[in-house]
Protein chains: 2
Amino acid sequence: MPQRQAFPKPSHDHERCIAKAMDAARQACASQGAQFTELRRQVLEIVWGSHAPIGAYEILSALTKNGRRPAPPTVYRALDFLLAHGLAHRIESKNAYVGCTHRHEDDRHSQFLICRACGQAVEVRDFALSQAIQQLAKNSGFAIEDQMVELAGLCPTCKGKDAHAS
Amino acid sequence: MPQRQAFPKPSHDHERCIAKAMDAARQACASQGAQFTELRRQVLEIVWGSHAPIGAYEILSALTKNGRRPAPPTVYRALDFLLAHGLAHRIESKNAYVGCTHRHEDDRHSQFLICRACGQAVEVRDFALSQAIQQLAKNSGFAIEDQMVELAGLCPTCKGKDAHAS
DNA sequence: ACATGAATGTTATAATATAACATATTGGTT
DNA sequence: AACCAATATGTTATATTATAACATTCATGT
């Protein structure tokens, strides 16, 4: 049976999503004694505002529209902060960034389903998959510190459209 | 019980490894009607010659020592060919390339264990992990076309050294 | 007010990758 | 052999992604 909807419905209120994420981020930073500065907030908001993983230079452009025009290091530093605090993730296969949609307490490892048609990247945490990874590491005597799992293909919606096309 | 040695022993005869890989590549290309040209052979040899994933510009430098000095597109095209024919893999998290150590017939998906200390990246194919990925996709209604699994950490050898240090 | 560390600004450049077009090589056909 | 078409390689320029190094500003506690 399909688990809970991994890909968000197009109908959902994304503005509300963003607002919630900002609130959660503010709280998370507060509880960690980390500074959720205006710049970091803006970058996170821009990242969340994109339906697909967004590149660092795209973020730069978006910041420009707010009247600022920071240099690349400014954005990369903000991104580093967001990654370090589990507020965003980097999609290695796209050199791009997404807002984190999970609470990362103990472990910080997710998997991503990335649609090649609509560009959306959805974060999932699959227990069986995590188990399999742990087991593989154990069998190999390998001590995992970080893991990247990115699955590319077609999301349910785009898969449907694809069938109609051609 | 640990499965067969994933990380090669330092003692193994790597020259022999390379020679075997070149032979296999030649045969694979022949059977596919693909041209295993001298340039492609050289690039594959260089990739295999590196104990760790090697970047495109490093390959360029290595080629220079052979008297040539091609421009970047030459190397990227050779790499594209090698990737397309399953003779090499790209390590997304390092923007680098490794020789393929498996026969890819039906599916072309592997996982990589990447040691942060010695830099080695070992290709593995874990059935349970593949199963978990397939199941996850099925549960989400997602049609996987490509997958990237890169696990970073410490290989058995470096893990041992690490314990002694500090 | 002042000292300190964290955050941001600024300038320059490194590292990775591709577009566009020219030339050469290969393999089959006449 | 001469030719054609397809494939492969060469060449020039530039796009994209990322970081080093140092200057300035800001936040916080005393």
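Every chain is numbered from 1, with letters handed out A, B, ... down the list of sequences.
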Self-check item: Touch class at under 4.0 angstrom, heavy-atom based, for B:Arg69 against every strand present
Solution: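 Nothing, no heavy atom under 4.0 Å.
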Quiz item: Reckon A:Thr74 touches a base, only the sugar-phosphate, or nothing at all at heavy-atom distances under 4.0 Å?
Solution: base
Would you say the side chain of [Y] lies within less than 4.5 Å of the side chain of [X], judging by non-hydrogen atoms?
X        : Y        : result
B:Leu87  : B:Cys100 : no
A:Leu113 : A:Gln120 : no
B:Met148 : B:Phe112 : no

Quiz item: Does a salt bridge link A:Asp23 with A:Lys20, judged by any charged N lying under 4.0 Å from a carboxylate O?
Solution: no
Quiz item: Does a side-chain N-to-carboxylate-O contact under 4.0 Å join B:Glu92 and B:Arg90?
Solution: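 Answer for the salt bridge query: yes.
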Quiz item: Considering only heavy atoms and no angle criterion, is a donor-acceptor pair shorter than 3.5 Å present between the side chain of B:Arg77 and the base of D:dG10?
Solution: yes
Report the distance from atom [atom1] of [X] to atom [atom2] of [N], rounded to the nearest whole Å.
X       : N      : atom1 : atom2 : answer
B:His85 : D:dT7  : NE2   : C1'   : 12 Å
B:Leu63 : D:dT9  : CG    : C1'   : 13 Å
A:Ile59 : C:dT8  : CD1   : C1'   : 16 Å
A:Glu92 : D:dT17 : CD    : P     : 14 Å
A:Leu60 : D:dT17 : CG    : P     : 11 Å
B:Tyr76 : D:dA15 : OH    : P     : 16 Å
B:Gln35 : D:dT9  : CD    : C1'   : 11 Å
A:Ile54 : D:dT16 : CD1   : C1'   : 15 Å

Quiz item: Under the 5.5 Å and 30° test, is A:Tyr57 stacked on the base of D:dT17?
Solution: yes
Quiz item: Between D:dA18, D:dG10, D:dT9, which nucleotide gets closest to the side-chain atoms of B:Thr37?
Solution: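 Selected nucleotide (nearest to the side chain): D:dT9.
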Practice problem: Name the closest nucleotide to the B:Pro70 side chain, picking from C:dG9, D:dT19, D:dG10. | Solution: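 It is D:dG10.
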Quiz item: Between A:Pro73 and B:Ala71, which is nearer to the 5' end of DNA chain C once each is assigned its nearest nucleotide?
Solution: A:Pro73
Quiz item: Does a nitrogen or oxygen in the side chain of B:Arg90 sit under 4.0 Å from OP1 or OP2 of C:dA17?
Solution: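 For C:dA17, OP1/OP2 do have a side-chain N/O of B:Arg90 under 4.0 Å.
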Quiz item: 5'-most contact on DNA chain D: B:Ala78 or B:Asn95, nearest heavy atom basis?
Solution: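 Counting from the 5' end, the first nearest nucleotide belongs to B:Ala78.
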